[in-house]
Amino acid sequence: MPAAVLHVAEGFTLPETKQLSPTYENPISTQPTVPEAELCDGSIPIIDLEALHGPRRSHIVKQLGHACQHKGFFAVKNHGIPKTTVNNIFDTSREFFHLPEEERMKFYTPDPNSDIRLMTAYKDEVENVFVARESLKFHCHPVEDYVNKWPTNPPSFRKKAAEYLRNVRRVEMTLLDAISESLGLERDYIEKRLGGHYVSLNYYRACEQSELELTYGVRSHTDPTIITMLLQDDVPGLQVLSEGKWMDVNPIPDTVVVHVGDLLQAISNHRYKSLLHRATVNCEKERMSIASYCYPSSDATIGPPKKLIDNDHPAIYKDFTFGEFSKQMWKVITPTDKRLDFFKCSAA
């Protein structure tokens with residue numbers, strides 16, 4: 001696959017899309033490089049998911065809305081995913097990436113529409129950088145429809161992945177209800193537009209010191225999703241752009257990180273901003289993360305609901321379907337929310 005197309009898929013592979021001849025637009029050069037980035041110390045909003053089921057719900061919903069609007073991401077505690085389930089998904093994923101290359105490569109395909117695909121590390125000759133992440137991406141909802149396509153080596157993979165992903169779906173639905181509510185919409189507003197669920201198991205090998213300056217884990221990008229949930233192991237590597245500076249989002253035990261995607265930016269009429277983020281590598285220790293992507297059905301209408309539009313808040317985006325968004329994404333290849341520009345209202 002050409003590096004330009006591969007770059008789009010660094011963060012996500014859209015379902016139900018046909019690959020077209022792309023026009024590559026590369027804004028990466030406008031962002032700080034790995035060695036030049038100035039890191040800022042910033043607090044990470046933490047949302048208590050369990051409290052959404054009690055008398056403090058309205059307060060937590062406001063906290064969540066504030067985090068989406070002013071940070072673009074937050075961490076979730078008391079999410080209810082058992083610690084053994086989290087440990088199991090990391091263990092079986094790590095076993096998979098430690099398999100011989102020929103075994104892992106059984107899942108390699110250049111087809112971006114495949115239900116499961118391995119993506120390997122690669123060198124971008126144009127940018128002269130190495131993108132180090134190896135990832136296994138696959139559809140996972142409903143689990144029963146896809147589990148037979150998942151790896152059988154290691155033998156525990158299907159059972160442990162299914163257990164984790166069913167838990168993630170539950171957390172995702174709870175969060176989407178609260179996010180809808182934070183916008184002043186019906187709780188099921190976003191839920192009614194949902195399609196499937198997609199996951200990426202991400203593996204970053206430790207890097208040689210001599211290569212570190214020119215090696216990315218994943219380059220800076222936003223996700224073309226509603227929200228993305230990211231489970232990190234105990235090795236730092238996630239960075240987000242906050243107030244114009246890169247901020248380390250170090251792992252917090254027993255939490256998952258959630259961030260705003262492009263489609264939630266459109267639904268919220270740009271009140272909630274899609275998060276620019278990236279991953280770094282280190283020289284000492286391998287790192288793993290598990291990203292779960294929430295996206296709509298192909299015929300779902302995306303765009304700000306009338307309830308969010310008035311004279312003081314004119315529509316930024318026109319209505320469009322997720323299918324239209326998916327096709328446009330392959331026409332102008334960009335790893336940021338600029339992929340939404342085509343759907344802006346002319347007066348915006």
Side-chain angles (χ1 to χ4, degrees), residues 9 11-17 49 76 79-97 99 103-104 106-109 111-119 134-179 188 190-203 223-233 254-259 261 263 288-300 322 326:
F12 187 79
T13 302
L14 285 171
E16 303 175 10
T17 60
L49 195 74
V76 174
H79 45 65
I81 305 176
K83 195 160 189 173
T84 53
T85 300
V86 170
N87 291 338
N88 285 342
I89 186 62
F90 274 129
D91 288 346
T92 196
S93 299
R94 193 172 286 108
E95 283 184 65
F96 173 82
F97 287 110
L99 290 172
E103 183 70 21
R104 303 195 313 276
K106 290 177 181 179
F107 295 94
Y108 176 80
T109 171
D111 179 9
N113 300 305
S114 176
D115 287 336
I116 183 168
R117 63 191 300 234
L118 179 77
M119 296 185 66
E134 185 173 339
S135 58
L136 183 68
K137 301 173 180 289
F138 51 91
H139 292 279
C140 54
H141 181 77
V143 166
E144 293 73 20
D145 289 357
Y146 296 103
V147 66
N148 289 333
K149 299 179 182 181
W150 302 351
T152 55
N153 190 8
S156 64
F157 187 94
R158 291 182 175 180
K159 180 180 179 180
K160 291 180 178 179
E163 181 184 7
Y164 173 73
L165 292 166
R166 288 190 179 102
N167 274 277
V168 165
R169 184 70 173 183
R170 170 186 52 77
V171 175
E172 180 182 86
M173 301 305 289
T174 301
L175 285 171
L176 291 176
D177 282 359
I179 289 171
D188 63 351
I190 296 176
E191 180 184 342
K192 288 189 294 188
R193 286 154 177 77
L194 286 185
H197 192 185
Y198 198 72
V199 68
S200 177
L201 311 181
N202 306 316
Y203 180 69
D223 288 347
T225 60
I226 299 175
I227 59 172
T228 298
M229 291 180 53
L230 185 73
L231 180 68
Q232 303 188 81
D233 66 6
D254 303 320
T255 67
V256 294
V257 175
V258 180
H259 60 77
L263 298 175
M288 284 207 65
S289 69
I290 300 171
S292 303
Y293 305 108
C294 166
Y295 62 86
S297 59
S298 59
D299 60 351
F322 181 56
S326 301

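Note that the structure is a prediction, hence the values are computed from the model and not measured.
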query = Do any N or O atoms from the side chain of R104 and from the backbone of L118 form a donor-acceptor pair under 3.5 angstrom?
reply = no
Sidechain-backbone polar pair: R158 side chain, V147 backbone, donor-acceptor under 3.5 Å =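 A pair under 3.5 Å: yes.
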query = Any side-chain donor-acceptor pair under 3.5 Å between D223 and T228?
reply =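 Judged by distance alone, the side chains do pair up.
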request  = Name all residues meeting the side chain to side chain donor-acceptor pair (under 3.5 Å) criterion together with D254; count only those two or more places apart in sequence or in a different chain, and write none if there are none.
outcome  = none
note = Contacts of K106 meeting side chain to side chain donor-acceptor pair (under 3.5 Å) (sequence neighbours excluded), chain-then-number -> E103
Please tell me if the side chains of [X] and [Y] come closer than 4.5 Å, counting only heavy atoms from C-beta onward.
X	Y	answer
F96	L201	no
L49	V76	yes
P154	D91	no
K137	V199	no
C294	T225	no

Nearest heavy-atom pair of [X] and [Y]: which atoms, and what distance?
X	Y	answer
F90	M288	CE2-O, 3.9 Å
W150	I116	CA-CD1, 4.0 Å
A291	L230	CB-CD1, 3.8 Å
R169	G196	NH1-O, 3.5 Å
L194	M173	CD1-SD, 3.5 Å

Let me confirm one number: the [atom1]-[atom2] distance from [X] to [Y], rounded to the nearest 0.5 Å.
X	Y	atom1	atom2	result
T174	H79	OG1	NE2	12.5 Å
T92	F157	OG1	CZ	6.0 Å
I227	S292	CD1	OG	9.5 Å
Y203	E134	OH	CD	8.0 Å
C140	Y293	SG	OH	11.0 Å
S200	F138	OG	CZ	9.0 Å

query = After noting the C-alpha distance and the side-chain angles of L263 and R193, does the key distance pass the side-chain contact (heavy atoms from CB on, under 4.5 Å) rule?
reply = CA-CA 11 Å; L263 298 175; R193 286 154 177 77; over 6 Å; no
request  = Assess whether side-chain contact (heavy atoms from CB on, under 4.5 Å) is satisfied between I226 and L176, documenting all intermediate values.
outcome  = CA-CA 9 Å; I226 299 175; L176 291 176; 4.0 Å; yes
query = Would S156 and N88 count as a side-chain contact (heavy atoms from CB on, under 4.5 Å) if you check the C-alpha gap in whole Å, the side-chain angles of each, and the deciding distance to 0.1 Å?
reply = CA-CA 9 Å; S156 64; N88 285 342; over 6 Å; no
inquiry  = I'd like to know whether S297 forms a side-chain hydrogen bond (donor to acceptor under 3.5 Å, both in side chains) with D299, so could you lay out the CA-CA distance, the side-chain angles of the two residues, the decisive distance to 0.1 Å, and finally the verdict.
reply    = CA-CA 6 Å; S297 59; D299 60 351; 3.0 Å; yes
query = Which of parallel (below 30°), tilted (30 to 60°) and perpendicular (above 60°) describes Y295 and F322?
reply = parallel
message = Under the criterion side-chain contact (heavy atoms from CB on, under 4.5 Å), I'd like the reasoning laid out for E191 against D177: C-alpha separation, chi angles, the key distance, then a yes or no.
response = CA-CA 7 Å; E191 180 184 342; D177 282 359; 3.4 Å; yes
message = side-chain hydrogen bond (donor to acceptor under 3.5 Å, both in side chains) for N167 and T85? Distances and angles first, verdict last.
response = CA-CA 9 Å; N167 274 277; T85 300; 4.6 Å; no
query = Does any pair with a residue in residues 142-153 pass salt bridge (charged side-chain N to carboxylate O under 4.0 Å, His left out), and if so which ones, sequence neighbours excluded?
reply =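 Residue pairs with at least one partner in residues 142-153: D115-K149, E144-R166.
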